[in-house]
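To keep things clear, I will list the structure first and then write my remarks on it.
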Amino acid sequence: MERRERTGREGIGIGTAIVVAGIVSAIVSVLVVGVAGVIALAVLDAVPDGADGSSPPARSEAAAEPDAVDADPDGAIEAAFAADDFAPRLYRFRLPPDAVHVRADLDAGRHDVDLRIAFGEQTASDQNWHETSAGAEGDESASITRDDEPDFARKPLMVRIDRYEDCAEDCGEIPYTLQLTVVTHAPRARLTPGASASGTISPDTGHRAAYDVVIPAGVDAVRIDVVDVRQNLDLAAGTVPVLDPAHATTTAATAIGRESLVLRRGEMRLGPGEQVLSLVVFDAAQLSRTIPFGVRVTAGDAPPPEVRRLPRIPRGANAAERAAAGVVEISAGPNSEGTGVVVGRAGRILTAAHVVEGAPLFSDEIVIACTTDIAREPEELLRGRVIRRDDARDIAIVEVTSTLYGDPLPDAWELPRVAVRWEQPTVLGETVHACGFPVLHGSAERSEVSWTSGVLSGYERPFEHLLLRFDAEISSGSSGGALLDAQHRLIGITVAMHGDLAEFSATGLAVPLAEIPADWIELLQ
């Protein structure tokens, strides 16, 4: 039995399966970026409890539930399990009221111990532990961010350490060190109109950076722009310190990284004199990496000239890089992200219909990111609209309408285009290349442009329309990307993937150019 499923980035679930009669032992996954990624990865993620595939050793039935010990969150705890001591240890920490993130680290050498954390007055029973560490042997860590937990800092943090019977009758003493790291709301700088700052966000910063923003007397509004960023960051502001972005006075939380937020005196019910507001730049996805960014504050609500300027897009050092320059990342909302291929002189882009299914026709809601550095994630530069969509063939045309900030494109500026092989038919076994923006590092993390190679391995006609089958590696997020020939000319648009879960192998599927409706071709030439 064959089924076709859509997968995507963080926040996008697996789509409806369609049973196709007569096709056996294959799974086809439509490749919008989202939650589950490629289905085969879901199998690999099902890691057993024990390192060797077995369940962890059972705890001693004689181990009693522990009494909590009050501890200082600012100091390290050094203690030990005696040779015959299998009772869990429970520590209680009172966090400061302005804490926004906490991480517990446990070092027990090579001994098999477990670390759990939770907020509550008494959380001795296992069912109350909702944060579990994922370390190896005795090197464990666990963390909680304020916006993940309604009781954060309102109740004590409980830390539980369990020892396992991982040795013979006498293990000897097991020493351990427990260290708590608490991140509090601490503004990094005071920003007035005309000021800018740069910084980073990471797990160590609680996935956030805080600032004080000044609205001077006589100024009705200030604008905040996140700049120089390649991942999806959000903004939150308030008249009191923003500890939890969900409770901020105003937010900018879209599917792009270059967020903008205008703070208006009247809308925020501010007095006429100088006002100081709280601003937080945050990573809602809580990626396990460091994210550089910049933030700029200006008076008024218009974007400043320096953020409106379009950078030059390099044409590339070789034929592959020149073709990749014409492959863009497309975002049509939090549930619709993928790849597109620039083929028309008027900035028209071919993509997969399911990539832009969240955007209405002729609405300027598409955000287009271009590769300005081949070794970095794409940069959000443009806006576009869907002008054609064919759901049966799973193809669409997006037309560039303006810069990201709504300005017309400069006369001397244009997107690089990918050469197209309109006439010559495809040949079984010919060399092909797949170019797009697959998820490579994590389901919520944007990646650099990817280039893989293989051969045209066959044809399929699961319904009334033809598909090309190829073995160049693709992944979730590749939908709408380019399938190119040996001369780097476009021959198809990637839309799906075959996956044989038993063998963990896969082949991709692309819509050939022959399937493009005749009335579309004039728009694309």
Practice task
Could you label the plane-to-plane angle of the H207 and H101 rings as parallel, tilted or perpendicular, counting under 30° as parallel and over 60° as perpendicular?
Solution key: perpendicular
Practice task
Using atom types as modelled and distance alone, determine if a side-chain donor or acceptor of T339 lies under 3.5 Å from a backbone N or O of G481.
Solution key: no
Exercise for the section: Look only at the side chain of W520 and the backbone of A396, and say whether a donor-acceptor pair between them is shorter than 3.5 Å. Expected result: no
Problem - R376 and E379 ion-paired at < 4.0 Å - result: no
Exercise for the section: Using a strict cut-off of less than 4.0 Å between a Lys/Arg side-chain nitrogen and an Asp/Glu carboxylate oxygen, indicate whether D225 and R223 qualify as a salt bridge. Expected result: yes
Exercise for the section: Find the distance between CG (L483) and CG (L490) and round it off to the nearest 0.5 Å. Expected result: 7.5 Å
Problem - Expected output: side-chain S447 to main-chain P438 donor-acceptor under 3.5 Å - result: yes
Exercise for the section: Begin with the C-alpha distance, continue with both residues' side-chain angles, and end with the deciding distance and a verdict on side-chain contact (heavy atoms from CB on, under 4.5 Å) for L382 and L409. Expected result: CA-CA 9 Å; L382 307 169; L409 297 182; 3.5 Å; yes
Practice task
Would you mind reporting whether S198 and D228 have side-chain heavy atoms less than 4.5 Å apart?
Solution key: no
Practice task
Decide yes or no on salt bridge (Lys or Arg N to Asp or Glu O under 4.0 Å) for R103 and D105, but give the supporting numbers first.
Solution key: CA-CA 7 Å; R103 187 184 76 240; D105 292 289; 2.8 Å; yes
Practice task
Give a yes or no on this: more than 12 heavy atoms of other residues, nucleotides or ligands lie within 6.0 Å of atom CZ of R269.
Solution key: no
Exercise for the section: Evaluate the side-chain proximity of R469 to L509: yes if any heavy-atom separation is below 4.5 Å, no if none is. Expected result: yes
Problem - Residues E306, V227; criterion side-chain contact (heavy atoms from CB on, under 4.5 Å); working and verdict - result: CA-CA 10 Å; E306 55 268 31; V227 296; over 6 Å; no
Exercise for the section: Examine distances only and state if a side-chain atom of N318 and a backbone atom of E321 form a donor-acceptor pair shorter than 3.5 Å. Expected result: yes
Exercise for the section: Measure the shortest side-chain to side-chain distance between W451 and V327 over non-hydrogen atoms and say whether it is less than 4.5 angstrom. Expected result: no
Exercise for the section: Verify, without hydrogens or angle tests, whether T145 (side chain) and D147 (backbone) share a donor-acceptor contact under 3.5 angstrom. Expected result: no
Problem - Test applied, salt bridge (Lys or Arg N to Asp or Glu O under 4.0 Å); reference residue, E380; option that passes from R258, R446, R230 - result: R446
Problem - Reported CD-to-CD distance for the pair E337 and E329, which is rounded to 0.5 angstrom - result: 6.5 Å
Practice task
May I ask you to test the F437-T371 pair for a side-chain heavy-atom distance under 4.5 Å?
Solution key: yes
Problem - Heavy-atom donor-acceptor pair, E414 side chain to G347 backbone, under 3.5 Å - result: no
Handout entry: side-chain contact (heavy atoms from CB on, under 4.5 Å) evaluation trace for L157 with L180
Key = CA-CA 10 Å; L157 177 74; L180 218 61; 3.9 Å; yes
Exercise for the section: Answer yes or no: is there a side-chain heavy-atom contact under 4.5 Å between L381 and T372? Expected result: yes
Exercise for the section: Answer yes or no: is there a side-chain heavy-atom contact under 4.5 Å between R383 and L404? Expected result: yes
Problem - H354/S479 under side chain to side chain donor-acceptor pair (under 3.5 Å): CA gap, chis, key distance, verdict - result: CA-CA 8 Å; H354 67 265; S479 270; 2.6 Å; yes
Handout entry: Greater than 12 external heavy atoms within 6.0 Å of E515's CD
Key = yes
Problem - Whether R421 side chain and P425 backbone form a donor-acceptor pair below 3.5 Å - result: yes
Fill in the blank from the handout: The single option from R385, R389, R388 that satisfies salt bridge (Lys or Arg N to Asp or Glu O under 4.0 Å) with E399 is R385
Problem - Contact check, side chains of L467 and V495, non-hydrogen atoms, under 4.5 Å - result: yes
Practice task
Mark yes or no for whether S478, through its side chain, and G436, through its backbone, hold a donor-acceptor pair below 3.5 Å.
Solution key: no
Exercise for the section: Begin from the C-alpha positions of D148 and Q286 and carry the test side chain to side chain donor-acceptor pair (under 3.5 Å) through to its verdict. Expected result: CA-CA 11 Å; D148 294 334; Q286 298 185 15; 3.1 Å; yes
Practice task
List the atom of P517, the atom of R393, and the distance in Å for their closest heavy-atom pair.
Solution key: CG-NH1, 4.1 Å
Handout entry: Exam field: side chain D394 to backbone A353, donor-acceptor pair closer than 3.5 Å
Key = yes
Problem - Check: D485 side chain, H488 main-chain N or O, donor-acceptor pair, under 3.5 Å - result: yes
Handout entry: Validation row: I516, W422 side chains within 4.5 angstrom (heavy atoms)
Key = yes
